[in-house]
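Right, one structure below, let's go through it.
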Amino acid sequence: MNIDKAGLGHRTIPKNYFFQMALIVVIWQIGESLAHLAAVPVPGSIAGMLLLLFLLHSGLLDLSSIKRGADWFLAEMLLFFVPAVLVVLDHPEFLGWTGLKILGVIVCGTFVVMTCTALTIEICFRLMPKNERGSHVHV
């Protein structure tokens with residue numbers, strides 16, 4: 001049994017990809033069940049993510065317990081978008097004018113979000129005292 005910084009005891013979880021991926025899926029399914037049982041208008045995946053955040057923040061689950069599994073999910077994220085691409089086959093109108101409009105909204109929305117984020121960071125950086133500006137940069 002390992003003791004973490006907060007003094008809470010926890011068992012070491014195997015660093016096996018499949019075990020860690022299964023743990024992430026189990027937490028997701030618990031979130032789905034909790035959202036369904038509570039009848040809240042929140043997707044179960046969000047409830048699972050909040051549960052995972054709680055477990056990590058409280059020290060009941062160590063980041064190394066899910067890191068390899070999460071890294072695999074992120075590396076193979078393209079596989080999760082295949083169903084979205086298959087929708088285009090069912091809705092050929094996305095290949096025409098409707099698709100161009102949707103693409104325009106996506107590109108413009110992305111540009112607006114990136115611009116607002118950059119301006120917010122610039123404003124915050126300028127409001128920061130000069131002696132603190134360099135201390136927050138980690139390379």
Side-chain angles (χ1 to χ4, degrees):
M1 189 174 224
N2 293 336
I3 304 295
D4 60 348
K5 293 180 217 172
L8 300 172
H10 60 86
R11 294 190 175 163
T12 304
I13 295 183
K15 297 193 186 307
N16 181 321
Y17 284 106
F18 298 112
F19 186 84
Q20 291 186 7
M21 289 186 301
L23 180 62
I24 292 170
V25 170
V26 165
I27 293 171
W28 165 48
Q29 288 300 317
I30 291 171
E32 290 280 348
S33 299
L34 290 174
H36 180 71
L37 290 173
V40 292
V42 175
S45 56
I46 301 297
M49 188 169 51
L50 291 173
L51 175 62
L52 180 60
L53 181 64
F54 169 77
L55 291 172
L56 289 170
H57 184 68
S58 67
L60 295 173
L61 186 66
D62 189 34
L63 181 61
S64 65
S65 301
I66 60 165
K67 183 168 178 16
R68 291 181 79 186
D71 286 344
W72 182 88
F73 277 128
L74 288 172
E76 302 302 329
M77 193 173 272
L78 181 62
L79 293 175
F80 302 113
F81 289 108
V82 169
V85 173
L86 293 177
V87 168
V88 174
L89 297 176
D90 291 337
H91 299 280
E93 64 270 14
F94 288 148
L95 297 175
W97 184 241
T98 303
L100 286 175
K101 287 189 223 178
I102 292 172
L103 181 63
V105 168
I106 291 171
V107 169
C108 290
T110 302
F111 177 76
V112 168
V113 168
M114 291 176 75
T115 302
C116 289
T117 302
L119 290 174
T120 303
I121 291 172
E122 182 66 26
I123 290 168
C124 290
F125 187 73
R126 288 183 184 199
L127 292 175
M128 223 189 262
K130 288 185 180 184
N131 58 350
E132 290 184 19
R133 288 184 188 171
S135 64
H136 294 290
V137 178
H138 300 286
V139 180

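Remark: T110 pairs with I106, M114 by the side chain to side chain contact (heavy atoms under 4.5 Å, CB included) rule, at least two apart or across chains. V40 meets the side chain to side chain contact (heavy atoms under 4.5 Å, CB included) test with A35, A38, V42; sequence neighbours excluded.
Note that NE2 of H36 is 12.0 Å distant from CD of Q29, once rounded to the nearest 0.5 Å.
A distance-only check finds no donor-acceptor pair linking the side chain of S65 to the backbone of L61 [under 3.5 Å]. At distances below 3.5 Å, at least one donor-acceptor pair connects side-chain atoms of Q20 with backbone N or O atoms of S64.
Counting heavy atoms from C-beta outward, C124 and I121 have side chains that stay 4.5 Å or more apart. Taking 4.5 Å as the limit, every side-chain heavy atom of L52 sits out of range of all side-chain heavy atoms of W28. Side chains of W72 and I24 form no contact here, defined as non-hydrogen atoms less than 4.5 Å apart.
A continuous path of Ile, Leu, Val, Met, Phe, Trp and Tyr side chains, each step under 4.5 Å between heavy atoms, connects L34 with V25, placing both in one hydrophobic cluster. A single hydrophobic cluster is not seen to contain both L56 and I46; linkage of ILVMFWY side chains at heavy-atom distances under 4.5 Å, directly or through other members, places them apart. Following chains of ILVMFWY side-chain contacts shorter than 4.5 Å, one cannot reach L55 starting from M49, and the two form parts of different hydrophobic clusters. Linking Ile, Leu, Val, Met, Phe, Trp and Tyr residues whenever their side-chain heavy atoms come within less than 4.5 Å places I27 and F18 in a single cluster.
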Evaluate I66 against F19 for side chain to side chain contact (heavy atoms under 4.5 Å, CB included), listing each step before the verdict. CA-CA 9 Å; I66 60 165; F19 186 84; over 6 Å; no

